[in-house]
Amino acid sequence: MPDFDYQLVVIGSGPGGYIAAIRAAQLGLKVAIVEKDKTLGGTCLNVGCIPSKALLASTEHLHFARERFAAHGIIAKDLQVDLGAMMKRKSEVVGKLTSGVAYLMKKNKIEVVRGFGKPLDAGTVEVTDENGAKKTLKTQNILLATGSAPIELPFLKFDGKRVISSDQGIALEKVPKSLLVIGAGAIGLELGSVWRRLGAEVTVIEFLPRIAAVGFDAEISKILQRSLEKLGVKFELGTKIESAKVTDKGVELSGSNASGAVTYKADLVLVAVGRKPFAAGLDLEKIGVKMTERGRIATDAHLRTSVPGIWAIGDVIDGPMLAHKAHEEGVAVAELMAGKPGEVNYRIIPGVVYTAPEAASVGLTEEEAKEKNIAVRVGKFSFTANGRAIANDTTEGFVKIIADAKTDRVLGAHIVASNASELIAETVLLMEFGGSAEDLARTVHAHPTMSEAVKEAALGVDGRMLSA
Ligand SMILES: Cc1cc2nc3c(=O)[nH]c(=O)nc-3n(C[C@H](O)[C@H](O)[C@H](O)COP(=O)(O)OP(=O)(O)OC[C@H]3O[C@@H](n4cnc5c(N)ncnc54)[C@H](O)[C@@H]3O)c2cc1C
């Protein structure tokens with residue numbers, strides 16, 4: 001008789017944890033998943049990817065109705081916003097997806113254990129429920145998938161009212177007159193867009209000299225900034241915020257940039273300077289689990305921690321804090337536990353900023369190719385010459401394909417487009433198969449589609465675009 005009740009206990013039900021649980025169950029393992037929050041799905045489904053996209057969709061409709069309907073011959077007078085209804089829809093979207101995860105747990109015979117999970121040793125997880133009652137689960141493997149939490153600035157502590165994180169940024173009950181956003185990464189730009197479209201004066205303050213600086217091509221940053229400025233978002237780049245005054249009436253931030261001291265005042269400040277791994281209360285070092293210098297759980301190439309039988313994935317370990325990265329690690333770790341060759345290709349992980357237009361990137365940027373002394377050829381095609389984009393009224397943006405100058409292998413793709421998050425997928429697949437720009441250029445694309453711009457950019461690598 002084995003001396004364990006489960007072959008796997010997963011701690012955390014985000015896109016890393018719940019996917020790992022499902023894959024492990026598919027492979028015949030007896031699995032339990034422990035979650036401390038009321039609903040399953042983690043940051044992504046509850047307060048991250050999904051609610052932000054629901055609000056982006058609603059406010060994009062509003063913006064399009066206000067700014068573009070007339071050109072389409074649609075007269076929409078007296079447009080009004082019912083913020084309560086918009087938030088209710090967002091909550092319904094979240095509810096549908098989190099209950100979908102609960103259904104998947106049931107379908108795959110995964111036991112859901114409510115409470116705070118803590119590994120006591122490599123074979124035991126202690127779960128404390130909301131009433132303080134404890135129970136222990138005996139298991140062969142433990143998977144830590146505890147995710148991340150917003151980073152707080154030391155002089156600007158979150159109070160949920162004037163100083164907010166994305167958790168509140170997706171749930172404000174009224175539109176602020178003015179909003180400062182610290183951080184021009186995906187979360188800051190997306191939530192900044194939402195509240196700007198709803199009428200707030202939005203200023204995004206960024207320490208780096210450009211927006212979407214991490215993982216995105218410099219040309220993308222430029223065009224994204226231009227389009228957000230058109231929307232009315234203001235940018236203060238190369239600016240460091242060093243102190244803050246918070247009162248009942250608003251916030252005042254002080255700092256400096258190349259022109260000297262600066263101050264900004266607003267009703268609210270959204271701090272979106274990044275997220276930190278969340279392993280609070282787990283006392284991992286006590287049981288021998290090593291952490292990295294940056295406070296993440298250290299893992300090897302097979303997602304094993306320093307303690308045999310304890311594994312870790314997702315935001316709590318190294319790598320980009322993205323749901324699809326956590327998801328793929330969930331699949332890989334379950335397969336590795338079951339003795340199969342699970343693997344994640346970290347070189348080919350797309351990143352997206354879901355503004356309008358969206359920005360999507362995968363692989364090497366042109367600047368990175370230069371830094372690494374890799375000779376490349378670049379093809380670029382603008383949506384102003386794409387038939388579907390003209391018909392759709394979505395001509396803002398371009399596709400840029402970066403190919404190895406010698407082998408023609410595609411090394412990177414960078415897209416700004418209304419649906420860049422979808423368009424990037426074919427280049428991701430192409431790169432996964434080690435395909436060339438020529439392969440992409442010779443692939444038949446339906447006409448008229450936005451995806452023809454991807455093919456044209458691939459033709460452009462060889463200087464033979466047909467539509468520009
Ligand atoms: C506003 C916002 C927008 C985002 N948009 C996107 C996007 O568009 N695309 C994208 O790819 N990524 C996006 N992200 C990032 C994405 O949400 C994360 O990368 C992803 O959720 C990480 O998954 P995970 O499984 O590692 O952890 P999480 O989703 O954080 O899940 C961890 C879970 O573990 C639980 N937990 C933690 N400790 C314990 C414990 N001791 N016991 C029991 N349960 C515990 C937590 O309650 C949580 O449910 C966004 C994030 C935010 C905040």
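Counting starts at 1 for both ligands and their atoms, following the listed order. In what follows, every heavy atom counts, from backbone to side chain, and hydrogens, waters and symmetry copies are set aside.
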Looking only at distances, can you tell me whether any N or O atom of [X], backbone or side chain, sits closer than 3.5 Å to an N or O atom of ligand 1?
X: His324; value: yes
X: Val316; value: no
X: Glu190; value: no

Looking at Glu190, Glu60, Glu358, which hits salt bridge (charged side-chain N to carboxylate O under 4.0 Å, His left out) with Lys53?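 One option only clears the test, and that one is Glu190.
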Let me know which of Lys380, Lys372, Lys400 forms a salt bridge (charged side-chain N to carboxylate O under 4.0 Å, His left out) with Glu366.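 The passing option is Lys400.
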Taking [atom] as the reference point, the nearest protein heavy atom with its distance:
atom: atom 36 (N) of ligand 1; answer: Lys36 CE, 3.8 Å
atom: atom 18 (C) of ligand 1; answer: Asp315 OD2, 3.3 Å
atom: atom 8 (O) of ligand 1; answer: Lys53 NZ, 2.7 Å
atom: atom 35 (C) of ligand 1; answer: Glu35 OE1, 3.3 Å
atom: atom 27 (O) of ligand 1; answer: Gly147 CA, 3.2 Å
atom: atom 25 (O) of ligand 1; answer: Gly16 N, 2.9 Å

For residues 23-53, which residue pairs pass the disulfide (SG to SG under 2.5 Å) check, not counting sequence neighbours?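 Passing the test, one end in residues 23-53: Cys44-Cys49.
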Measure [X] to ligand 1 on non-hydrogen atoms and call it side chain, backbone, both or neither using the 4.0 Å cut-off.
X: Ile11; answer: side chain
X: Thr43; answer: both
X: Ser148; answer: backbone
X: Cys49; answer: both
X: Ala323; answer: both

Sequence neighbours left out, what passes ring pair (Phe, Tyr, Trp, His ring centres under 6.0 Å) with Phe116? Give chain and number order.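 Scan of Phe116 (ring pair (Phe, Tyr, Trp, His ring centres under 6.0 Å), adjacent residues dropped) gives none.
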For a salt bridge (charged side-chain N to carboxylate O under 4.0 Å, His left out) check, start with the C-alpha distance between Arg210 and Glu367, then their side-chain angles and the critical distance, and finish with the verdict. CA-CA 14 Å; Arg210 65 179 172 99; Glu367 302 88 66; 3.7 Å; yes
Strictly below 4.0 Å, N to O, side chains only: are Asp283 and Lys118 in salt-bridge contact?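 Judged by the 4.0 Å cut-off on N to carboxylate O distance, Asp283 and Lys118 do form a salt bridge.
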Hey, are Glu335 and Arg23 close enough for a salt bridge, meaning a charged N less than 4.0 Å from a carboxylate O?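 Here Glu335 pairs with Arg23 in a salt bridge, since their nearest N and O are under 4.0 Å apart.
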Mark the output for Arg275 as yes if a heavy-atom distance to ligand 1 is under 4.0 Å, and as no if none is.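 Within the 4.0 Å threshold, so yes.
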Contact with ligand 1 for Gly115, non-hydrogen, under 4.0 angstrom: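 It does, in that a heavy atom of Gly115 comes within the 4.0 Å cut-off of ligand 1.
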If you define the side chain from C-beta out and look only at heavy atoms, does anything of Glu152 sit under 4.5 Å from Val271?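 The answer is no; the side chains never approach within 4.5 Å.
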Within-4.5 Å side-chain heavy-atom neighbours: Lys325 and Ile317: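 Yes, close enough: below the 4.5 Å cut-off.
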Distance-only polar pair, side chains of Glu328 and Tyr346, donor-acceptor under 3.5 Å: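 No, no side-chain donor-acceptor pair sits under 3.5 Å.
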What do the steps show when you test Ser148 against Lys276 for side chain to side chain donor-acceptor pair (under 3.5 Å), and what is the final call? CA-CA 5 Å; Ser148 61; Lys276 58 180 179 197; over 6 Å; no
Can you check which of [options] brings a heavy atom nearest to [atom]?
atom: atom 23 (O) of ligand 1; options: Pro15, Gly314, Gly319; answer: Pro15
atom: atom 15 (C) of ligand 1; options: Lys118, His327, Met321; answer: Met321
atom: atom 1 (C) of ligand 1; options: Leu144, Val352, Val47; answer: Val47
atom: atom 17 (O) of ligand 1; options: Ala20, Gly48, Cys44; answer: Cys44

Might you work through the side chain to side chain contact (heavy atoms under 4.5 Å, CB included) test for Val204 and Leu228, ending with a clear yes or no? CA-CA 10 Å; Val204 178; Leu228 288 165; over 6 Å; no
Which of the atoms in ligand 1, numbered in the order shown and given with their element, are less than 4.0 Å from a heavy-atom of Gly14?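 Counting from 1, the qualifying ligand atoms are 25 (O), 29 (O), 31 (O), 33 (C).
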